[in-house]
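Okay, so here's the structure we're looking at.
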Amino acid sequence: MSARHDTADLILTGGTVLTMDTARPQAEAVAVTGGEITFVGAAADVAGLRGPGTEVVDLKGAALLPGFVEAHGHPSVMALTIAPPALDVRPFVARDGAAVLASIREAVRRAPHAPLAAYGVDPLLQPDLPRLTRELLDTLHPGGPLLVLSNSGHAVWANTAALRTAGIDRSTPDPPGSWYVRDAAGDPTGEAHESLAVERLMRAVMSDRLEPGPLAEAVRWAFDQHARAGITTASDMSCAPDLVPVLRDATGSADAALRVRTWLIGTPELAATAHESPFTDKPSAALYATVGAKLWADGTPWQASIATSFPYLDTEAARRTGADPCGGHGAMNYTPDQLAELVGRFTAAGVPVATHVHGDVTFEAVLDAYARAARPHPDRLRALRPRMEHCGAVTGDQYARAAELGATVSLFMDHVRWWGDVLADDLYGPEVAGRWMSARTAWDHGHRVSLHNDGVCTPTQPLSSVATAVTRRSTSGRVHGADQALTVEEALRAVTVNAAWQLHMEDHIGMLRPGLRADLAVLNQDPRNVPAARLREDVHVTATYLSGRRTWSQD
Ligand SMILES: [Zn+2]
């Protein structure tokens with residue numbers, strides 16, 4: 001072997017290495033050659049790998065972890081909805097409804113005839129926001145198409161010009177799994193729900209942003225947001241087929257900041273052709289692959305479109321979600337038969353499914369669908385690691401049944417941070433808020449739990465998910481369900497090795513072990529040494545490496 005191969009390209013030493021590898025949980029130094037980890041061990045032993053061309057990074061007491069893995073992300077949606085020059089009106093940016101309207105008025109003043117899409121309203125966190133009628137939107141933007149999208153991405157409100165641009169009228173059928181709200185005469189009111197209907201309006205009104213140049217720029221911006229948060233791999237958990245080449249091209253550029261795993265929208269058409277579709281059959285470390293099909297079994301608690309065994313509270317806020325004031329609950333997007341049919345077809349074709357599900361009633365129906373799909377070949381379903389996404393109101397018995405089937409769960413942990421108080425005070429009461437995203441229960445039933453931020457629905461920050469999982473604190477500082485807390489070690493596993501496993505990538509990423517890719521996140525200090533209540537403020541990402549190449553640094 002030549003001397004060139006005996007020395008490393010990159011050595012990181014002088015800090016605490018948290019490997020997530022149970023065989024060697026902690027080390028002092030890591031060496032990298034050709035984008036691959038070649039050494040994990042003691043600082044004294046790494047010295048021998050140092051050559052004239054080796055870059056040595058002194059961690060100065062910082063912590064080195066595997067790059068975070070966003071199990072359920074939406075880089076393509078981030079690119080389309082919040083990348084500059086988009087109008088970002090999410091509650092994390094526009095504090096209240098007045099700020100939302102001011103922001104829209106200002107954009108209209110600057111470009112009175114341009115199409116405009118404002119992303120991210122949330123009437124629960126922006127309670128002073130008026131009801132979004134087509135008339136109000138026509139008044140706000142009389143000279144062009146205007147869309148206002150909900151932060152959950154499950155609803156959109158269009159003005160008259162936007163409906164016209166999208167060619168939606170009384171003769172337009174509802175796309176599968178979604179619908180246009182209609183008045184008594186059958187005319188669309190401008191309000192639409194769920195992915196395909198929302199997407200049709202977005203694409204029509206924002207067609208300029210879909211041009212190759214602006215789109216590539218927006219995707220690059222979205223990738224950079226991930227790198228800043230320490231993320232090296234993200235799923236794109238519902239990519240439209242025509243955006244696949246854009247994502248693939250973006251990961252193919254020499255300075256790409258993110259590895260992407262795409263899940264296509266699991267339409268009946270895709271299911272019918274799943275055998276011949278573009279899914280990558282063998283897990284690899286490639287920067288891009290299309291790997292699965294995404295289904296939506298229900299919607300969002302913020303729009304009363306989830307099916308639960310418990311009622312909404314009789315409150316003004318709950319009524320604003322569309323909840324039945326007599327204590328009813330939302331329904332599912334598919335019938336159990338439709339769901340079972342889709343899951344069965346994808347499973348038979350060897351394509352992993354990931355199903356969006358919040359309500360406990362919905363979760364049971366998804367389990368039934370998975371069980372039916374498993375019947376011919378239980379091991380085949382298990383090997384595909386079928387996923388359940390978000391899991392707001394899941395019970396212990398349901399986690400047990402999911403584990404038995406081989407289904408795996410990814411929790412939307414920062415729901416508790418941003419909406420914990422709303423869940424407790426406005427929607428379901430403190431008991432349900434305390435077991436919302438019941439990570440402890442899931443973990444104790446043997447699940448390899450992952451935590452996610454869901455792209456645009458909360459700021460993409462794995463360290464925020466970790467802090468919330470450990471503290472169960474909302475933005476006001478209230479604690480919702482202390483008994484559901486994870487330890488910091490568990491929470492870190494949930495955003496690294498567990499998420500990598502859910503993406504079938506545990507042989508390539510998610511741990512620091514020789515032979516795996518050198519995907520790294522550097523934190524300013526070891527989170528295990530920080531009091532739980534200080535995690536959010538005191539721990540942050542200082543650098544990110546993808547296959548040994550620095551993709552972001554605070555310096
Ligand atoms: Zn999502």
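Atoms considered below: every heavy atom in the structure, side chains included; atoms not considered: hydrogens, waters and symmetry mates. Numbers here are sequence positions counted from 1. Whatever order the structure lists them in is the order used to number ligands and atoms, beginning at 1.
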Ring pair (Phe, Tyr, Trp, His ring centres under 6.0 Å) partners of W418, counting only residues at least two apart: F92
H193: partners by ring pair (Phe, Tyr, Trp, His ring centres under 6.0 Å), with sequence neighbours left out: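 Ring pair (Phe, Tyr, Trp, His ring centres under 6.0 Å) check on H193 returns W179.
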Side-chain H-bond candidate by donor/acceptor type, Y370 with T355, under 3.5 Å: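 A donor-acceptor contact under 3.5 Å links the two side chains.
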Non-hydrogen atoms of Y428 and P311 that approach each other most closely: CD2-O, 3.6 Å
Distance criterion under 2.8 Å: protein N/O/S atoms around the Zn ion (ligand 1): 3
Minimum side-chain heavy-atom gap L523-H540 below 4.5 Å: no
For V89, side-chain contact (heavy atoms from CB on, under 4.5 Å) partners two or more places apart: L87, A94, V100, S103, A118, V121
